[in-house]
Each structure stands twice: as structure tokens, then as C-alpha cells.
Asks: 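Submitted below is the structure of interest, expressed as C-alpha cells.
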Amino acid sequence: MANAYQPARKRRRLGHDWPWMAAFVLPALLIVVVVQLYPLLFSVYLAGQDWTLTSSQTSEGFVGLENFVKVLQNDVFRRAVRNSVIITGSAVLIEMFLGTTLAYLAAGTSWSMRIVRTILIMPLVIAPVAAGTLWRMMLNSQMGLTNYLLSFAGIQGPDWLGNAGWAPVAVIIVDVWIATPFVFLVISAGLTGIPYELHESAALDGATRWQSFLRIDLPLLAPLLLLTLMFRMLESLLSLDSIYTLTLGGPGYATFTMTYYIYTLGLRSFQLGRAAAASWLFMAFAASALAFVFWLQRRWQTAQ
Amino acid sequence: MTGSGRLRKVILRVLRVLALAIAISAVLIPLAYLVLNSLKLQREMYTIPPIIIPSRITFEHFQAAFDNPRTVRFLTNSLIVTSVTTGITVVVSTLAAYGLARLGLRARYLSLIVFIFLFIRFYPRITTVIPYFLVMREFGLLDTVWAIIIGHLGITIPFVTWLMLIVFQDLPREVEEAAMVDGANPLQRFWRVALPMAAPGVASAAILTAFLSWNEFLIASSVAKRQAQVMSIAVAGFVTDRGVQWGPMAAMAVIMIVPMILFALFVQRYLIRGITLGAVKG
């Protein structure tokens with residue numbers, strides 16, 4: 001009873017000037033509708049149209065699901081799906097591992113650790129287009145710094161950007177370089193929220209560092225780790241900029257990801273209908289990746 | 001036991017320092033390499049084995065960049081896009097977040113709105129970019145900075161509204177209630193009471209927005225091809241050029257990222273707060 005009563009009272013207390021508050025919300029709502037909702041609905045319409053902008057200024061008619069079928073039958077699209085899974089899957093796992101490890105290694109309030117943290121988060125503010133450009137020079141097989149340094153260790157470095165097997169590895173390296181700092185930063189913030197006393201009493205009980213990590217830190221960090229995993233998965237799937245400047249999707253179609261494929265289809269060859277259909281397939285893919293993370297979270301909670 | 005325990009401790013400490021040194025090198029060496037390439041003479045650029053440290057430092061690539069009126073236009077466009085986007089986003093989103101926080105909505109509806117806003121931040125943006133291109137073409141806004149600005153607002157406003165909603169919901173309501181009793185209208189309460197308390201959050205949001213807008217590539221490249229090009233398109237443009245132009249390419253990348261790194265160092269506290277607030281509290 002009391003619970004049912006309270007929100008109503010609060011509503012009367014601060015909610016009686018709701019016309020003002022609604023007016024405050026209106027401009028934001030308007031922009032969201034015009035720039036996000038309308039294009040989204042427009043995209044549903046486009047996905048059913050036969051429309052290539054280079055051959056016609058208007059749509060050439062409704063074609064049902066043909067665009068979807070054509071995209072699904074397309075070899076480049078299938079390759080792009082595979083590339084996206086491989087690149088995002090490995091990059092995000094590496095980022096989660098490295099970021100979390102570094103968060104532990106660089107924890108502390110001393111000035112030296114503060115400087116270390118400042119340096120480690122630098123790639124976060126660097127434009128991905130610039131990061132791609134930078135690594136295109138680094139990974140150049142002849143003139144780049146990476147293979148030059150490897151040669152000191154007696155290793156003949158591969159043709160990172162010219163070899164179809166190595167180019168996805170190069171994309172993964174750049175994704176890791178750009179995004180590990182994000183995981184590092186968020187997990188570092190999460191670590192400061194773990195009460196020190198918990199570790200202290202665990203140590204008194206004779207627990208090793210590793211045991212107290214498994215029993216204390218991991219359960220406390222789990223929701224944050226999953227959220228970070230989700231953020232990173234989506235961002236990595238959507239990333240276009242660094243691939244654009246690093247490999248331009250090449251060599252051949254070796255680093256075409258789903259985002260890159262849709263981008264070239266829609267904004268280079270202007271096959272609007274196809275591209276819209278492909279982007280909805282991508283949306284379904286991203287949604288299922290998200291559902292997987294939520295499923296993990298559920299399982300984790302019931303396992304507790 | 002004590003001897004070997006101490007030895008283990010020393011080894012662990014050395015390993016820790018070593019691991020951090022490797023991580024720091026992995027961040028700094030590529031950046032240093034970029035800067036060195038932007039200062040390297042053209043003839044030292046393409047030798048095998050490569051010359052890493054230039055024998056003489058040259059500013060010719062920067063000079064050439066700034067002598068070109070297009071570079072100046074890219075920079076101006078980027079500055080306009082970033083500052084207008086940031087200004088509009090902060091005003092519109094802060095107001096909207098305050099309105100949402102004080103509208104007295106049921107928790108269920110509020111979390112639905114929050115979910116929609118978050119969804120917009122993270123769904124595949126490529127889906128709306130193609131129709132957005134058509135809408136801008138219809139409005140005759142293609143290749144103007146406004147097409148880029150409106151496109152950026154579509155991302156930043158939902159995101160910042162969500163961020164500021166977290167901030168406003170955390171504020172104590174007593175002060176506002178006191179102001180209400182004193183007869184302050186909602187706009188006065190927002191401006192004089194809530195906003196000053198939320199100021200650090202607003203700063204974080206503004207800084208995040210500025211970085212997002214300055215670095216954004218997808219929307220900018222889809223609606224602006226010539227006149228309205230921004231820095232991200234200029235940097236990406238070197239990829240498709242025939243031949244390799246490492247000097248000018250490196251210089252352009254340096255012009256794009258160095259100001260942002262310096263800015264980030266100054267506002268580091270707010271930047272970190274903005275990034276972690278979303279993840280930790282959300």
C-alpha cells in the first residue's frame with residue numbers, strides 16, 4: 001500500500017508543472033525524430049525498393065524481399081559477415097583481457113601511476129581515421145617501423161597490409177590499439193569501487209591474490225565487464241574509419257566488414273535498396289550479438 | 001620462507017614495471033613515429049631499410065599544408081562543426097534531461113525512454129546514414145556544414161541527454177523544493193539551482209561531445225564531399241590518392257590529433273568522468 005502511494009505523492013509534489021518540463025524535452029525529441037526515427041523508417045521503405053541512384057533519380061518500384069535475397073546470396077556480403085565475426089570477436093576478447101590486466105597493473109594513487117594512466121588512455125582521444133593512417137605507415141612491410149623493429153629480433157615481418165591472411169590481423173591490431181584504453185579506463189574506475197577491507201579480510205583468511213580476485217573482484221566486476229563487452233562489441237562492429245584509412249577493405253575483400261560493405265554499396269555505388277536491406281540484416285546481426293551478451297548476464301546471475 | 005618470499009615479491013614488481021613499460025611503448029612509439037614522419041625530408045621517407053630518425057627536421061609538410069587554402073577550409077569547417085554541435089547539444093540535452101528527470105514519469109516509462117536513447121547511440125549507424133543522405137539531398141543541404149552538424153546532433157543529443165539524466169537524478173531535490181516554495185518557476189529552478197549543481201557533469205558532456213564531433217567520419221563523409229569537408233575526410237583522403245605521400249599525410253594527421261591530445265590533457269578529469277559515468281552508472 002505504502003509503495004503504491006508514494007510515487008503518486010511525489011508526482012504531485014514535483015510533477016505539477018509538467019507542461020514546462022515537457023517543453024524542455026521537446027527540442028531534443030524533435031531532433032531525435034527528424035534525424036534518427038524518420039531515416040530509420042525511410043530505411044525500411046528503401047529495403048523493399050529497386051533503386052540505384054546512378055541510374056535513376058527515383059525508385060524504380062517495389063520488389064518485395066528481392067534485395068534481401070540478393071544480398072544474402074552475395075559472396076562479398078558473406079565474406080564481410082565472416083570477417084566481422086573474426087575481427088570483432090578476436091579484437092574485443094584481446095581488449096577485454098589486456099584492459100582488465102592493465103587496470104590491475106596500473107592501479108594506485110602514486111604520481112607515477114597517474115602518469116602511466118594518462119599515457120595509457122591517450123589513444124581514446126585520437127581520431128580513428130588518424131589511427132588508421134598512422135598504422136598504415138607503421139605496418140608498411142618495406143618502410144614501416146614494425147617490420148624494422150622485428151628485423152632486430154631476427155624476424156622477417158609479414159606483408160601486413162598486402163597479404164589477405166595478415167590484413168585482418170592488422171585490422172585487429174589497430175582496433176586493440178584504439179579501444180584497449182576504453183576497457184582499461186572503465187575497469188580502473190570499477191576497481192576503485194571495491195572496498196579495500198574485503199581484500200584485507202580475505203588475506204587474513206589466508207586467501208591468495210588469485211583466489212581473492214576470483215571470489216571477490218570478479219563477481220563485483222561482472223556486470224561492468226559485461227556492459228563493457230557489449231559497448232565494445234557494438235562499437236567494433238560499427239567501426240569504419242580505421243579500416244577505411246588502414247586497408248580500404250583490401251587487399252581484395254580481405255578486410256571488408258559488414259559496415260564497410262554497406263558503406264561502399266550505399267555511398268560509393270549508390271545501390272540504395274540493396275544497401276538498406278543489407279543494413280537491416282546487419283541490424284539483426286548486431287541485435288543477436290547483444291542478446292547473446294544479455295543471455296550471458298542471465299546465466300551469470302542464476303549461477304550466483 | 002622469508003628469503004624466497006621477498007625474491008618472489010621483487011620478481012613480481014619487476015614484471016609489473018616491465019609490462020607497464022611495454023604498454024606505454026605500444027602507445028607512445030606509434031605516435032612518435034607519426035610525428036617523426038611529419039618532420040622528415042621527402043628523400044629520407046622511402047628508403048630501405050627505413051630511416052626512422054630524420055637527419056634533419058623539416059617543416060615543409062606543415063608549410064605546404066597551411067599554404068593550401070583547402071587545409072585552412074577543412075580546419076575552419078571542423079571548428080565550426082565541432083563548436084556548433086557542442087553548443088546546441090549541451091543546451092538542448094541538458095534541458096531535456098532536466099525535464100525528463102522532473103517530469104514525474106513512472107519509472108517504467110522513464111527507463112523505456114532511457115533505453116531508446118541508448119539504443120540510438122549504439123545501433124548500426126550505417127542504417128540511417130543512407131536515408132539521411134537522401135533527406136539532406138531533398139533539403140538541398142548536401143555538402144554544407146549544416147548537414148554534418150544536424151547529423152552529429154542526431155547522435156550526440158540522445159547520448160548526452162542520457163548522461164545528464166544520470167547526473168540530474170543524482171542531485172538532491174531538497175534545494176530545488178526550497179526554491180519552489182520561494183516561488184521560482186521551473187526555468188529559474190533549472191538555471192539558478194539545478195544547473196550550477198550539475199556544472200561538472202555539463203562540462204564532461206560538452207567535452208565528450210566535442211571529441212565525438214571532431215573525430216567523426218561516417219556522417220561527414222556521406223553528406224560532405226567538397227566544400228564542407230572536415231579534417232577527418234581530409235586525413236582519409238590520402239588513402240585513395242595515387243602514390244604514397246607520407247609526409248603530407250602524416251602532417252595532416254598531426255594537425256588533426258595533436259590539438260585534441262593537448263586539450264585532453266587539460267580537461268582529463270572531466271573527460272574520464274564523462275566516459276566512466278556512462279559505463280559505471282548506466
Side-chain angles (χ1 to χ4, degrees), chain A residues 11 14-15 17-18 20-22 24-25 27-28 31-32 35-36 39-40 42-43 46 102 105-106 116 118-120 122-123 125-130 133-134 137-138 142-143 145 148 185-186 189-190 224 227-228 234 238 240-241 244-245 248 259 262-263 266-267 272 275-276 279 282-283 286, chain B residues 16 19-20 23-24 27-28 30 33-34 37 46 48-50 52 92-93 95-96 98-100 102-104 106 120 122-128 130-132 135 150-151 153-154 157-158 161 186 211 215 217-218 222 232 235-236 239 246 249 253 256-257 260-261 264 268 272 275-276 279-280:
Chain A
R11 197 192 162 103
L14 271 176
D17 37 25
W18 66 268
W20 281 86
M21 298 307 171
F24 288 173
V25 180
I31 290 175
V32 169
V35 189
Q36 294 288 350
L40 209 57
F42 197 167
S43 176
L46 273 180
L102 285 172
L105 292 179
V116 168
T118 301
I119 294 172
L120 288 184
M122 250 183 207
V125 298
I126 291 170
V129 272
T133 302
L134 146 60
M137 294 190 272
M138 282 289 290
Q142 306 276 308
M143 308 165 309
L145 182 60
Y148 181 66
L185 185 59
V186 172
L224 190 60
L227 197 74
T228 316
L234 291 173
L238 308 193
L240 168 83
D241 330 12
Y244 190 94
T245 48
L248 260 179
T259 307
I262 299 165
Y263 179 79
L267 294 160
L272 304 177
S279 74
F282 181 30
M283 185 79 96
Chain B
R16 178 187 181 201
L20 287 177
I24 289 174
V27 170
L28 290 184
Y33 182 61
L34 177 73
N37 273 350
Y46 313 120
I48 300 169
I52 303 299
V92 170
S93 299
L95 261 179
Y98 181 74
L100 280 175
R102 300 290 179 263
L103 199 52
R106 299 260 171 85
I120 291 172
F122 282 109
Y123 73 64
R125 210 162 297 146
I126 191 87
T127 315
T128 48
I130 291 158
Y132 181 70
V135 173
I150 298 169
L153 288 177
I157 285 182
T161 305
F211 276 103
N215 291 344
F217 172 71
L218 175 57
S222 64
S232 61
V235 170
V239 180
W246 279 20
M249 182 165 94
M256 182 174 185
I257 66 179
M260 292 323 255
I261 290 179
Q268 197 189 1
I272 291 178
I275 294 169
T276 53
V280 179

Asks: Could you tell me which portion of B:Ile261 (side chain, backbone, both or neither) has an atom closer than 4.5 angstrom to a non-hydrogen atom of chain A?
Replies: both

Asks: Using 0.5 Å steps for rounding, measure from the CG atom of A:Leu238 to the OG1 atom of B:Thr127.
Replies: 8.5 Å

Asks: Could you state the interatomic distance from CE (A:Met122) to CE (B:Met260), rounded to the nearest 0.5 Å?
Replies: 14.0 Å

Asks: Quick one: closest heavy-atom pair of B:Pro124 and A:Met283, and the distance?
Replies: CD-SD, 3.4 Å

Asks: Just wondering, do B:Thr128 and A:Ser43 contact through their side chains at under 4.5 Å, heavy atoms?
Replies: no

Asks: Report the option among A:Val32, A:Leu102, A:Leu120 that has the most heavy-atom pairs separated by less than 4.5 Å from atoms of chain B.
Replies: A:Leu120

Asks: Enter the distance from A:Leu134:CG to B:Asn37:CG here, rounded to the nearest 0.5 Å.
Replies: 9.5 Å

Asks: Distance check, rounded to the nearest 0.5 Å: A:Thr259 atom OG1 versus B:Ile126 atom CD1?
Replies: 6.5 Å

Asks: Does any heavy atom of chain B fall under 4.5 Å from the side chain of A:Ala286, the backbone, both, or neither of them?
Replies: side chain

Asks: Within the structure provided, determine whether B:Leu95 and A:Pro27 are in side-chain contact (heavy-atom separation under 4.5 Å).
Replies: no

Asks: Where on A:Tyr263 is there a heavy atom nearer than 4.5 Å to chain B: the side chain, the backbone, both, or neither?
Replies: both

Asks: What part of B:Ile157 gets closer than 4.5 Å to chain A, counting heavy atoms only: side chain, backbone, both or neither?
Replies: side chain

Asks: Kindly indicate whether the side chain of A:Phe24, heavy atoms from C-beta on, has any atom under 4.5 Å from the side chain of B:Arg102.
Replies: no

Asks: What are the two closest heavy atoms between A:Leu145 and B:Tyr33, and how far apart are they?
Replies: N-OH, 3.6 Å

Asks: Closest heavy-atom contact between B:Ile24 and A:Val116?
Replies: CD1-CG2, 3.9 Å

Asks: Quick check: closest heavy atoms across B:Met256 and A:Ala127, and the distance to 0.1 Å?
Replies: CE-CB, 3.4 Å

Asks: Find the one option among A:Leu234, A:Ile262, A:Val125 whose heavy-atom pairs under 4.5 Å with chain B are most numerous.
Replies: A:Val125

Asks: Please rank B:Leu20, B:Val235, B:Val92, B:Leu34 by heavy-atom pairs under 4.5 Å with chain A and give me the top one.
Replies: B:Leu20

Asks: Do A:Val35 and B:Leu153 come close enough that some side-chain heavy atom pair is under 4.5 Å?
Replies: no

Asks: Counting only heavy atoms closer than 4.5 Å, note whether B:Tyr132 contacts chain A via side chain, backbone, both or neither.
Replies: both

Asks: Which pair of non-hydrogen atoms, one from A:Thr245 and one from B:Ala236, has the smallest distance, and what is that distance?
Replies: CG2-CA, 3.6 Å

Asks: A:Leu105 versus chain B, heavy atoms under 4.5 Å apart: side chain, backbone, both or neither?
Replies: both

Asks: Identify the heavy atoms of B:Ile130 and A:Gly266 that sit nearest to each other, and give their distance.
Replies: CD1-CA, 3.8 Å

Asks: Roughly how far, to the nearest 0.5 Å, is the CD1 atom of B:Ile257 from the CD1 atom of A:Ile126?
Replies: 4.5 Å

Asks: Using non-hydrogen atoms and a 4.5 Å limit, figure out which bit of B:Ala23 sits close to chain A: side chain, backbone, both or neither.
Replies: both

Asks: Nearest 0.5 Å, what's the OG-CD1 distance between B:Ser93 and A:Ile31?
Replies: 8.0 Å

Asks: Name the option with the most non-hydrogen atom pairs under 4.5 Å to chain A; the candidates are B:Ala19, B:Pro186, B:Gly154.
Replies: B:Pro186

